[in-house]
Enquirer: 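Structure in structure tokens, see below.
Positions are given from 1 along the sequence.
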Amino acid sequence: MKKIVSILLLLTLMVGAGAQKRNVGAEGSTAFSNTFLSGGVGLGLYNNYNAGKVNMGFAGGISFGKWIGRPLALRFSFDMASAGRSTVRSNGTIATHSSIFFLGTAEALWDIRSTISRISGSKFQLYPIFGLGLIFGDAISADHLGNNRVFDLTAMIGLQANYLFAPYWSAFVEGKLYVMPQGFDRNIGNNFLGMATVGIARNFFSTPFHRSTEFESRSKGFDWFFGIGLGPNFSSFEFEHLSPADGMYGTAIDLTIGRNFSEFWTIRMQLGGIRGHERFNEVTDSAGRAFTYGNLHADLMINLTHALRFSRGIKLNILPYLGSGLVWRFDNPLFDLGLHGGLMFRYYIGYHSDLYVDLRYTMVHPRVGGSTGPSGSSYGVGIPSITIGYIYNFGNNSNRYRLPATWSAL
């Protein structure tokens, strides 16, 4: 699964670079137009729920990002936090150890002012930040704990205050709160890592207030859509017991809201789930225990059909995507994080209507699935699904479909 996700991400970046080369004017003429590089240092706070103690240390990180539209930027951040890590000994006392956490996250920055107003000349900006990614903690040895290395998914919310003090340069103050799922660092509850940093950003364009291009969404009310879909899923433990007779199949439903930010970039929020199974029971030769679950996730989608140019009269759009979000079970209240990738085929049937087929693999932690696969790897536990559904497009569409140039109303 890691290789598949890596390949999808690489293809996304390659196609994205090729697609952006054709843009001219305010958007720039290369893949690096409207990009930025930043770095900062500060303090980190780490809380271990079991120990009930918050420890402080140093923190820092670097980020590389790109404005994909007036109100939205996407960036990849690589952060590090050095903080004390408290654990509970077998005799009930608390031991604190020096530890380092490494984090890699994909993040979205929202320009509130550009969303509300078409024109802004202020050098001061306030950006809410949302992110999902991975956290890795180094090994520690303490009494009964042994070699305790931690690795898991993490979700992040934050806020950045940014001041443009010179052409191409800005200073910022940023706060982030990373939340880890239950079970991380041997927790029985949730825990968090907080970071507060100050830093400098280098902007690779003259102003962050760039104008919209022809195929970028032209108004805050344009290019929104809602979708609903239904189909089968499969509870996979390294893809064993694929036969329908084994009973590992369930039902998937999707409720979607999203926006086409340009002819190339689409972001959606989706609520899905319904029914899954734990690992196949080899003793009784029957499907694992059925459970109901939910999955709320955000997806970054690229339109391969429009990657090279926006073509008139093309009704079929192919959109690969990557995403992540919350996964939970209803029978045994447990909130966790899932990572997934997929491919959506979207077909135009009218000014407001599309049909779609969505192929997706959602990787979940064995905490959700109830077990690992034959090899014991966490990456082999997942829920592949295929859903078929309908999309309704609200209002005007800047970048979804245009009538052929030869079309006539007569």
Enquirer: side-chain contact (heavy atoms from CB on, under 4.5 Å) between Leu296 and Trp328: does it pass, once the steps are laid out?
Expert: CA-CA 9 Å; Leu296 177 64; Trp328 63 92; 3.9 Å; yes

Enquirer: Counting N and O atoms only, with roles assigned by atom type, does the side chain of Tyr356 sit under 3.5 Å from a partner on the main chain of Gly229, one being a donor and the other an acceptor?
Expert: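 Yes.
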
Enquirer: Do Leu230 and Thr251 come close enough that some side-chain heavy atom pair is under 4.5 Å?
Expert: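 Yes; the side chains approach each other to less than 4.5 Å.
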
Enquirer: List for me each residue that meets salt bridge (Lys or Arg N to Asp or Glu O under 4.0 Å) alongside Arg360, sequence neighbours excluded, and say none if there are none.
Expert: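 Per chain and number, Arg360 pairs via salt bridge (Lys or Arg N to Asp or Glu O under 4.0 Å) with Asp254, Asp358.
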
Enquirer: Under the 3.5 angstrom rule, does the side chain of Thr305 hit a backbone N or O of Leu316 as a donor-acceptor pair?
Expert: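 Pair found, side chain donor or acceptor close to backbone of Leu316.
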
Enquirer: Atom CD in Gln125, atom NZ in Lys123: separation rounded to 0.5 Å?
Expert: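 Nearest 0.5 Å value for the CD-NZ distance: 12.5 Å.
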
Enquirer: Taking ring-ring contact (aromatic ring centres under 6.0 Å, His included) as the definition, give me every residue that meets it alongside Phe280, ordered by chain and number, with sequence neighbours left out.
Expert: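 Once residues adjacent in sequence are excluded, the partners of Phe280 under the ring-ring contact (aromatic ring centres under 6.0 Å, His included) criterion are His241.
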
Enquirer: Decide side-chain contact (heavy atoms from CB on, under 4.5 Å) for Asn203 and Leu164; before the verdict, give the C-alpha distance in whole Å, the side-chain angles of both, and the deciding distance to 0.1 Å.
Expert: CA-CA 10 Å; Asn203 305 297; Leu164 189 69; 3.8 Å; yes

Enquirer: Would you find more than 12 non-hydrogen atoms of other residues, nucleotides or ligands less than 6.0 Å from Ile157 atom CD1?
Expert: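 Atom CD1 in Ile157 is not crowded, with 12 or fewer foreign heavy atoms closer than 6.0 Å.
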
Enquirer: Could I get the full list of side chain to side chain contact (heavy atoms under 4.5 Å, CB included) partners for Glu240, not counting sequence neighbours?
Expert: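 Residues passing side chain to side chain contact (heavy atoms under 4.5 Å, CB included) with Glu240: Phe237, Arg279, Glu282, Pro374.
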
Enquirer: What's the separation between atom CG in Leu326 and atom CG in Leu271, rounded to the nearest 0.5 Å?
Expert: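 Taking CG in Leu326 and CG in Leu271, the distance rounds to 10.5 Å.
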
Enquirer: Compute both the distance and the angle, then confirm whether Arg400 meets the cation-pi test with Phe225: under 6.0 Å from the six-membered ring centre, within 45 degrees of the axis.
Expert: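 Because its charged atom misses either the 6.0 Å distance or the 45° angle limit, Arg400 does not stack over Phe225.
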
Enquirer: To check you understand the geometry: which heavy-atom pair defines the closest contact between Val381 and Pro366, and what is its length?
Expert: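 So the two residues come closest at CG2-CG, 4.0 Å.
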
Enquirer: Which heavy atom in Leu339 sits nearest to a heavy atom in Gly323, and how many Å separate them?
Expert: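 Heavy atoms only, the tightest pair is CD1-O, 3.4 Å.
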
Enquirer: Name the residue from Trp265, Phe204, Tyr127 that meets the ring-ring contact (aromatic ring centres under 6.0 Å, His included) definition with Trp67.
Expert: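 Going through the options one by one, the only one that passes is Tyr127.
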
Enquirer: Applying salt bridge (Lys or Arg N to Asp or Glu O under 4.0 Å) as the test, list every pair that has at least one member in residues 382-393; sequence neighbours left out.
Expert: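 Output for this query is empty, none listed.
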
Enquirer: As an exercise, state the distance from CG of Asn317 to CZ of Phe345, rounded to the nearest 0.5 Å.
Expert: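 Between Asn317 CG and Phe345 CZ, I get 11.5 Å after rounding to 0.5 Å.
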
Enquirer: So do Tyr178 and Ile135 actually touch side chain to side chain, heavy atoms under 4.5 Å?
Expert: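 A side-chain contact under 4.5 Å is absent here.
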
Enquirer: Would you compute the distance between atom CD1 of Ile391 and atom CZ of Arg346 and round it to the nearest 0.5 angstrom?
Expert: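 Rounded to the nearest 0.5 Å, the CD1-CZ separation comes to 4.0 Å.
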
Enquirer: Looking at residues at least two apart in the chain, or sitting in another chain, which of them share a side chain to side chain contact (heavy atoms under 4.5 Å, CB included) with Leu45?
Expert: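 Only Val54, Met56 meet the side chain to side chain contact (heavy atoms under 4.5 Å, CB included) criterion with Leu45.
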
Enquirer: Apply side-chain hydrogen bond (donor to acceptor under 3.5 Å, both in side chains) to Ser324 and list each qualifying residue two or more places apart in sequence or on a separate chain.
Expert: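 Ser324 satisfies side-chain hydrogen bond (donor to acceptor under 3.5 Å, both in side chains) with no residue once adjacent residues are dropped.
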
Enquirer: Of the non-hydrogen atoms in Leu359 and Tyr321, which two are nearest, and what is the gap between them?
Expert: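 Scanning both residues, the minimum pair turns out to be O-OH, 3.6 Å.
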
Enquirer: Would Phe36 and Arg202 count as a side-chain contact (heavy atoms from CB on, under 4.5 Å) if you check the C-alpha gap in whole Å, the side-chain angles of each, and the deciding distance to 0.1 Å?
Expert: CA-CA 6 Å; Phe36 57 90; Arg202 172 65 162 90; over 6 Å; no

Enquirer: With Asp152, which residues qualify under salt bridge (Lys or Arg N to Asp or Glu O under 4.0 Å), at least two apart?
Expert: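 Once residues adjacent in sequence are excluded, the partners of Asp152 under the salt bridge (Lys or Arg N to Asp or Glu O under 4.0 Å) criterion are Arg367.
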
Enquirer: According to salt bridge (Lys or Arg N to Asp or Glu O under 4.0 Å), does anything in residues 167-178 pair up with another residue at least two apart or in another chain? List the pairs.
Expert: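 Counting only pairs at least two positions apart or across chains, the salt bridge (Lys or Arg N to Asp or Glu O under 4.0 Å) contacts touching residues 167-178 are Arg75-Glu174, Asp79-Lys176, Glu107-Lys176, Glu174-Lys176.
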
Enquirer: Counting heavy atoms not belonging to Phe58, are there more than 12 under 6.0 Å from its CZ?
Expert: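 No.
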
Enquirer: Does the separation of the ring centres of Phe261 and Trp110 fall below 6.0 angstrom?
Expert: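 No; Trp110 has its ring centre 6.0 Å or more from that of Phe261.
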
Enquirer: Specify whether Phe101 and Tyr46 have parallel, tilted or perpendicular ring planes, treating 30° as the upper limit for parallel and 60° as the lower limit for perpendicular.
Expert: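 Ring orientation, 0 to 90° scale: tilted.
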
Enquirer: Tell me every residue that passes ring-ring contact (aromatic ring centres under 6.0 Å, His included) with Tyr163, counting only those two or more places apart in sequence or in another chain.
Expert: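 Not a single residue meets the ring-ring contact (aromatic ring centres under 6.0 Å, His included) criterion with Tyr163.
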
Enquirer: Given side chains that start at C-beta, do those of Tyr293 and Val364 come closer than 4.5 Å, heavy atoms only?
Expert: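 No, side chains not in contact.
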
Enquirer: Of all heavy-atom pairs between Ala59 and Met195, which one has the smallest distance, and what is that distance?
Expert: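 Of all heavy-atom pairs spanning Ala59 and Met195, the closest is CB-CE, 3.6 Å.
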
Enquirer: Hey, is the main chain of Gly221 close enough, under 3.5 Å, to the side chain of Arg259 for a donor-acceptor pair?
Expert: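 Such a contact is absent between Arg259 side chain and Gly221 backbone.
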
Enquirer: Measuring only between side-chain heavy atoms, which start at C-beta, is Phe102 closer than 4.5 Å to Met80?
Expert: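 Heavy-atom side-chain distance check passes, below 4.5 Å.
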
Enquirer: Quick one: which of Leu337, Thr154, Asp336 gives a side-chain contact (heavy atoms from CB on, under 4.5 Å) with Met180?
Expert: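 Testing Met180 for a side-chain contact (heavy atoms from CB on, under 4.5 Å) against Leu337, Thr154, Asp336 leaves exactly one candidate, Thr154.
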
Enquirer: When you compare the side chains of Asn393 and Asp354, does any donor N or O come within less than 3.5 Å of an acceptor on the partner?
Expert: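 Indeed, the side chains of Asn393 and Asp354 share at least one donor-acceptor pair under 3.5 Å.
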
Enquirer: Could you list the residues that satisfy side chain to side chain contact (heavy atoms under 4.5 Å, CB included) with Arg275, not counting sequence neighbours?
Expert: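 If we apply the side chain to side chain contact (heavy atoms under 4.5 Å, CB included) test to Arg275, skipping adjacent residues, the hits are His277, Ala290.
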
Enquirer: For a quick test of reading the model, state the closest non-hydrogen atom pair linking Phe239 to Pro384 and the distance between them.
Expert: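 That closest heavy-atom pairing would be CE2-CG, 3.8 Å.
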
Enquirer: Would a 4.5 Å heavy-atom cut-off, applied to side chains only, mark Leu304 and Pro320 as touching?
Expert: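 Side chain of Leu304 against side chain of Pro320, heavy atoms only: contact under 4.5 Å found.
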
Enquirer: With sequence neighbours excluded, what pairs up with Tyr392 under the side-chain hydrogen bond (donor to acceptor under 3.5 Å, both in side chains) test?
Expert: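 Expected list: none.
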
Enquirer: With the side chain counted from C-beta on, respond yes when Leu132 and Leu153 share a heavy-atom pair under 4.5 Å apart, and no when they do not.
Expert: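 In short, these two side chains do not touch, never coming nearer than 4.5 Å.
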
Enquirer: Do Ile267 and Leu72 have side chains that get closer than 4.5 Å, going by heavy atoms?
Expert: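 Side-chain contact under 4.5 Å: yes.
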
Enquirer: Please round to the nearest 0.5 Å and tell me the distance separating atom CZ of Phe130 and atom CG of Leu159.
Expert: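 It is 9.5 Å, given to the nearest 0.5 Å.
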
Enquirer: Looking at Ser170, is its backbone amide N or carbonyl O close enough to the side chain of Asn162 to form a donor-acceptor pair, meaning the two atoms are under 3.5 Å apart?
Expert: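 Checked: no pair found.
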
Enquirer: So does Gly250 get a backbone contact from the side chain of Asn233, meaning a donor-acceptor N/O pair under 3.5 Å?
Expert: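 Present.
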
Enquirer: Applying side-chain contact (heavy atoms from CB on, under 4.5 Å), run through Asp223 and Asn399 and close with a yes or a no.
Expert: CA-CA 8 Å; Asp223 302 294; Asn399 47 53; 3.6 Å; yes

Enquirer: Hey, could you give me the CE/CZ distance between Met248 and Phe234, rounded to the nearest 0.5 Å?
Expert: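 One gets 6.0 Å once the value is rounded to the nearest 0.5 Å.
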
Enquirer: Do Phe64 and Phe76 make a side-chain contact, defined as non-hydrogen atoms from C-beta onward lying under 4.5 Å apart?
Expert: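 Phe64 vs Phe76: side chains apart.
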
Enquirer: For residues Tyr361 and Gly380, report the shortest heavy-atom separation together with the two atoms involved.
Expert: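 It is OH-O, 3.7 Å.
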
Enquirer: Please name all residues satisfying side chain to side chain contact (heavy atoms under 4.5 Å, CB included) with Ala298, sequence neighbours left out, ordered by chain then number.
Expert: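 Partners of Ala298 by the side chain to side chain contact (heavy atoms under 4.5 Å, CB included) criterion, ordered by chain and then number, come out as Met269.
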
